[in-house]
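All values derive from a computational prediction rather than experimental measurement. Proteins come first, then strands; the chains are lettered A, B, ... in the order of their sequence lines, and each starts at number 1.
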2 protein chains.
Amino acid sequence: MKTTIAQVASLADVYSKDCPSRAALELVASKWVLLIIPFLAAKPVRNNELMRRVQGISQKMLTQTLRELERNGLVARIDYQSVPPRVEYQLTEMGRSLSHALLPVDQWAEKHHARLTAARQAFDEVNADPSRGN
Amino acid sequence: MKTTIAQVASLADVYSKDCPSRAALELVASKWVLLIIPFLAAKPVRNNELMRRVQGISQKMLTQTLRELERNGLVARIDYQSVPPRVEYQLTEMGRSLSHALLPVDQWAEKHHARLTAARQAFDEVNADPSRGN
DNA sequence: CGGTATCCGGCCAGATACTG
DNA sequence: CAGTATCTGGCCGGATACCG
């Protein structure tokens with residue numbers, strides 16, 4: 001698997017300022033989307049479990065993200081109309097196709113984060129504030 | 001190619017609030033990174049060409065994004081020290097591995113944007129502001 | 001050409017309180 | 001349990017002007 005010039009050349013729309021595919025890209029360019037979509041790929045999940053498993057997300061951001069994903073047809077919201085309330089979120093078919101694209105990104109982050117940190121530290125050391133003078 | 005439960009279960013760190021891999025994910029969760037990294041995969045590119053091809057980006061955001069990618073070891077900045085100035089940006093090996101993960105996301109956006117738009121319009125119609133009352 | 005520096009409005013997102 | 005409503009500070013990013 002190698003990125004070829006032909007593959008990149010095949011991309012055109014996303015580089016166009018006003019193409020709707022740019023909007024699609026911006027929808028996906030979100031850390032919460034990057035976490036939630038692959039998480040839903042395993043099984044339908046309730047609001048509460050997402051709150052616990054996607055650490056650091058607030059109820060507000062969770063609802064907001066899920067709503068936006070539902071609005072764009074990526075996630076289906078299943079309300080069981082029961083008491084106490086029970087709501088499940090699951091991927092649509094289009095959502096599943098997205099999870100196939102996003103999972104490798106998450107895996108990449110887990111695999112390379114140590115090298116990123118090392119590179120960052122090296123860079124910051126070389127470019128340390130010269131006004132301190134040493 | 002199908003996303004399995006095992007694959008998602010293999011992800012752990014990114015869902016942890018304080019793991020560095022979360023920071024790695026947030027670095028990538030940017031529309032400009034999503035556009036610039038795959039674009040550099042084809043060949044080394046100059047600042048000026050990026051400005052023209054990545055439509056809508058400002059000089060400020062371009063420099064800021066490239067600097068952050070360079071800092072994290074994903075992009076190398078080649079300054080030819082010539083007059084007039086000539087600077088090229090190219091992917092490092094780690095940057096190339098990232099482009100392999102990001103290209104499918106861009107392709108997904110181009111392929112599905114029409115369905116996203118359609119879903120959004122349908123959703124907004126059903127959930128139209130009820131206070132208007134009809 | 002390839003950047004910096006500075007200003008500033010707008011929206012993002014956290015905190016908090018409340019609801020069916 | 002699964003949300004909504006409201007307030008607010010912070011920072012993101014566009015616009016503009018300047019520099020080697």
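Of the candidates dG14(D), dG2(C), dT4(D), dG14(D) carries the atom nearest the Met61(B) side chain, counting heavy atoms from C-beta on. Listed nucleotides: dC1(D), dG2(C), dG3(D). Nearest to the side chain of Gln59(A): dG3(D). Nearest to the side chain of Lys60(A), among dG3(D), dA13(C), dT4(C), sits dA13(C). The side chain of Val87(B) approaches dG2(C) more closely than any other nucleotide in the set dC1(C), dG3(D), dG2(C).
Computed from coordinates, the Leu35(B) CG to dG13(D) C1' distance equals 16 Å when rounded to whole Å. If you measure from atom CZ of Arg67(B) to atom P of dG2(C), you get 12 Å, rounded to the nearest angstrom. If you take CG of Leu62(A) and P of dT4(D), they are 10 Å apart, rounded to a whole angstrom. Straight-line distance from the CG atom of Asn47(B) to the P atom of dT4(C): 9 Å, rounded to whole Å. Atom CD of Gln64(B) and atom C1' of dA5(C) are 13 Å apart (whole Å). Computed from coordinates, the Arg52(A) CZ to dG3(D) P distance equals 14 Å when rounded to whole Å. When the C1' atom of dG3(D) is taken as reference, atom CG of Leu50(A) falls 14 Å away, rounded to whole Å. dA2(D) atom C1' lies 13 Å from atom CZ of Arg86(A), rounded to whole Å.
Checked by atom type, the side-chain pair Asp18(B)/Gln55(A) shows no donor-acceptor distance below 3.5 Å. Side chain to side chain, Gln121(B) and Thr117(B) fail the donor-acceptor criterion of an N or O pair below 3.5 Å. Side chains of Thr63(A) and Gln59(A): a donor-acceptor N/O pair is present below 3.5 angstrom, by distance only.
Looking at Thr92(A), its side chain does come within 3.5 Å of a backbone N or O of Gly95(A) through a donor-acceptor pair. In this structure a side-chain-to-backbone donor-acceptor pair under 3.5 Å is missing from Glu110(B) to Ser21(A).
Look at Ser58(A) and you'll find a side-chain N or O under 4.0 angstrom from OP1 or OP2 of dG14(C). Of the side-chain N and O atoms in Arg46(B), one or more sit less than 4.0 angstrom from OP1 or OP2 of dG2(C). Between Arg77(B) and dG3(C) there is a side-chain N or O to OP1 or OP2 distance below 4.0 Å.
Using a 4.0 Å heavy-atom cutoff across all strands shown, Tyr80(B) reaches no nucleic acid atom at all.
If Asn48(A) and Gly56(B) are placed on DNA chain D by their nearest nucleotide, the residue sitting closer to the 5' end is Asn48(A). Nearest-nucleotide assignment on DNA chain C puts the 5′-proximal partner with Pro84(B), out of Pro84(B) and Pro85(A).
For the helix from dC1(C)-dG20(D) to dG20(C)-dC1(D), the angle separating the two terminal helix axes comes to 60°, with each axis derived from five pairs and the value rounded to 10°.
Ion pairing of Lys43(B) with Glu49(B) is present here, as a side-chain N (NZ or NE/NH1/NH2) and a carboxylate O approach within less than 4.0 Å. Using a 4.0 Å cut-off between charged side-chain N and carboxylate O, Arg71(A) and Glu68(A) make a salt bridge.
Within the cation-pi definition used here (under 6.0 Å to the ring centroid, within 45° of the axis), Arg86(B) qualifies as a partner of Tyr80(B).
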